[in-house]
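Below: the structure, in structure tokens.
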Amino acid sequence: MRIRITFIVCIFFVTFFSICLSAFAAVTSGYVSPVIVKGQSNLGGILQNSVDSNLNSFANLGGNGYITYRIPSGSSSMKIHLRSSISSGDTASYRIVFSNSQGTVWDSGNKKVYSSLVSYDFNIPSTATEVTVYSTSYKDYYSLLVHEVEMTVPIDKTPPHEVTNLVTSSTHTTIFLTFYKPTDSDFAGTRLYVNGVLVETMGSTTTSYRLTELKPNTTYNIRITTFDTSSNESDGITTSVKTLPPPDVTNLNLFPSAYSILAQWINPDDSGFIGNDLYLDGKFITSLDKNATTYTFTDLSPNTSYTVKIVSKYNGGYSSSGQTATAKTTIPVEDVTNLQADAKYDRVKLSWTKPDSEFFHHVKIYRKKIEQQSFWDQLFGATAVSAATTSDSYTPMFETNGTYWTDLTVTPKTTYSYKVTSVNIEGKESQGVTIETTTPSEPVPVLTGVTTTQNQNGDYVITWTSPTKGSVKVLIDGKDYTVVDAARQQVIIPKKDMKLNFFGGYDAKLMPIGEFGTEGQAVQVPAVQGKTIEFPILFDDFMKTVVNILSWAAPLILVSLVFIFWRPFIAFLRKTIFVKGGRMKS
């Protein structure tokens with residue numbers, strides 16, 4: 001009986017001594033206290049008590065406080081000592097959250113804790129860098145007491161130094177990495193992680209790596225760690241690299257006209273390239289295969305800016321971000337239509353239809369005289385030079401915004417080529433439309449309405465009603481006397497200059513001459529109205545004179561006839577008097 005009591009007493013003291021030792025223990029074997037990053041207690045609890053290596057002290061987080069700890073590099077597990085501040089049987093609640101710079105890694109959710117001091121073990125996720133202990137009771141009388149937080153630290157597990165001088169470059173499907181390796185004697189190699197996934201383990205001599213078959217225009221998170229011969233691995237260095245979009249076309253050039261835009265470009269030199277999609281002002285227009293390098297956008301509005309975008313397509317369904325260029329269509333210069341020419345001997349009237357365009361301003365009219373070709377030029381193909389090739393041979397004549405113009409400077413029987421060009425509001429001139437026409441001959445002028453009067457001096461005043469253009473030549477005694485302007489419609493011949501002809505009339509005539517020198521029929525100047533012209537000799541004297549002239553001239557005329565007709569006359573007599581054989585007819 002005494003032995004049993006003694007045993008029980010010993011057990012009690014051992015247990016009490018163990019509890020006392022555990023209450024003042026620094027850290028559980030293999031664990032260290034982490035560093036507090038931040039925290040909050042609405043009861044003003046001392047947060048540092050949770051890492052002072054003393055289980056008797058605690059950090060009171062109240063009903064909704066928290067403490068965040070930094071996880072030592074290489075730590076794989078965490079031990080936390082918790083209890084509730086209230087009496088036995090009631091509970092508080094807590095929550096453990098592991099996280100890194102990108103967010104939550106693991107969340108325990110709400111857990112109950114009782115009034116007795118209890119320790120809890122948690123595995124630390126490899127990517128976690130911090131852990132937060134939350135009091136989730138939300139009422140201060142359910143306070144959460146954190147007595148101690150401890151985390152493992154690898155013993156003699158120091159990894160090699162990190163790589164340095166990490167340089168990256170990318171294309172649309174690859175990322176190329178180069179770096180300097182550390183100089184640690186136990187350095188064994190590097191590990192490459194992409195988006196948290198181990199992609200490659202490289203030896204100690206490898207200092208570059210190329211990631212291939214990546215997605216274009218995509219960001220990749222890259223981490224390179226080092227490890228030693230004991231497989232101790234560093235935290236690594238990280239970087240983010242974005243692959244490029246697939247290549248666009250190059251040398252995109254636009255050539256606008258009034259109603260269209262010609263696009264030209266050079267296609268990407270990439271094996272995966274399959275063609276282009278073309279857009280105009282954001283609207284899809286067409287798809288072209290990989291061999292097409294030009295396209296004309298038509299049915300456009302003049303004087304308007306357009307943006308052309310070409311998106312290159314690749315195998316795998318990828319597309320480039322697109323190459324764009326902007327151009328403004330030009331103001332059109334449209335020629336006139338229905339150009340016609342109505343030619344008279346003294347004028348050519350041109351008419352046309354103006355362009356139906358808001359940009360039309362006026363027309364310019366040019367003229368060129370077409371030289372008549374000789375027979376040999378026509379025979380051997382010589383031709384007049386066309387206006388299209390020698391526009392400078394045209395002479396500017398007139399400018400107008402109307403629809404007709406009359407050329408009053410032409411000459412009869414002459415061929416002219418006219419060119420009518422359009423000028424827009426910018427002053428740009430069209431190539432023009434040409435027409436060729438020939439003026440007819442000048443009509444023969446006719447003198448009409450001729451009358452003769454005498455003024456108070458006895459001078460003869462001769463008037464006419466037409467022509468009124470050109471001139472009128474006066475002939476006296478068959479000789480040129482004077483020339484007057486036809487528009488005067490009269491000429492005065494002094495009495496002393498007027499001549500009478502053999503028959504007693506005025507030996508004066510008027511000849512009309514056209515503007516271009518065409519002479520009309522001469523008209524005898526009539527006698528003064530109501531006045532008889534005296535015959536110069538009596539009729540009997542006239543007849544005697546005629547008989548005398550004939551009697552003097554008749555012998556000469558007969559002799560001349562004998563010399564001219566004697567052979568036919570002799571032949572006639574022979575046929576009349578003699579018969580065949582030389583005998584006279586009976």
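Note that these values count all heavy atoms, side chains included, but never hydrogens, waters or copies made by symmetry.
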Scan side-chain atoms only and decide if [X] and [Y] contain a donor-acceptor pair under the 3.5 Å cut-off.
{"X": "D248", "Y": "S320", "value": "yes"}
{"X": "H361", "Y": "E426", "value": "no"}
{"X": "S312", "Y": "N276", "value": "yes"}
{"X": "S417", "Y": "Y394", "value": "yes"}
{"X": "T226", "Y": "S234", "value": "yes"}
{"X": "T326", "Y": "T307", "value": "yes"}
{"X": "T173", "Y": "Y318", "value": "no"}
{"X": "T68", "Y": "E130", "value": "no"}

Spell out, as yes or no, whether a donor-acceptor pair under 3.5 Å connects the side chain of [X] to the backbone of [Y].
{"X": "S75", "Y": "S73", "result": "no"}
{"X": "T225", "Y": "D235", "result": "no"}
{"X": "T152", "Y": "S77", "result": "yes"}
{"X": "E148", "Y": "N54", "result": "yes"}

Check whether any side-chain heavy atom of [X] sits under 4.5 Å from a side-chain heavy atom of [Y], and report yes or no.
{"X": "I175", "Y": "T243", "value": "yes"}
{"X": "T207", "Y": "T178", "value": "no"}
{"X": "T91", "Y": "Y114", "value": "yes"}
{"X": "T239", "Y": "I237", "value": "no"}
{"X": "S119", "Y": "I80", "value": "no"}

Quiz item: With a distance cut-off below 6.0 Å to the six-membered ring centre and an angular limit of 45° from the axis, does K290 pair with F273 as a cation-pi contact?
Solution: no

[atom2] on [Y] to [atom1] on [X], rounded to 0.5 Å:
{"X": "S170", "Y": "L177", "atom1": "OG", "atom2": "CG", "result": "10.0 Å"}
{"X": "M151", "Y": "M78", "atom1": "CE", "atom2": "CE", "result": "5.5 Å"}
{"X": "T403", "Y": "L350", "atom1": "OG1", "atom2": "CG", "result": "11.5 Å"}

Classify the ring geometry between [X] and [Y] as parallel (under 30°), tilted (30 to 60°) or perpendicular (over 60°).
{"X": "F98", "Y": "W106", "result": "tilted"}
{"X": "Y279", "Y": "F284", "result": "perpendicular"}
{"X": "F398", "Y": "W405", "result": "parallel"}

Quiz prompt | salt bridge (Lys or Arg N to Asp or Glu O under 4.0 Å) involving K309 - partner list, sequence neighbours excluded | solution = none

Quiz item: Yes or no on side-chain contact (heavy atoms from CB on, under 4.5 Å) for H147 and R83, after CA distance, side-chain angles and deciding distance?
Solution: CA-CA 8 Å; H147 281 257; R83 70 181 175 89; 2.7 Å; yes

Quiz item: Step by step, would you call L82 with K111 a side-chain contact (heavy atoms from CB on, under 4.5 Å)?
Solution: CA-CA 11 Å; L82 304 173; K111 302 289 184 180; over 6 Å; no

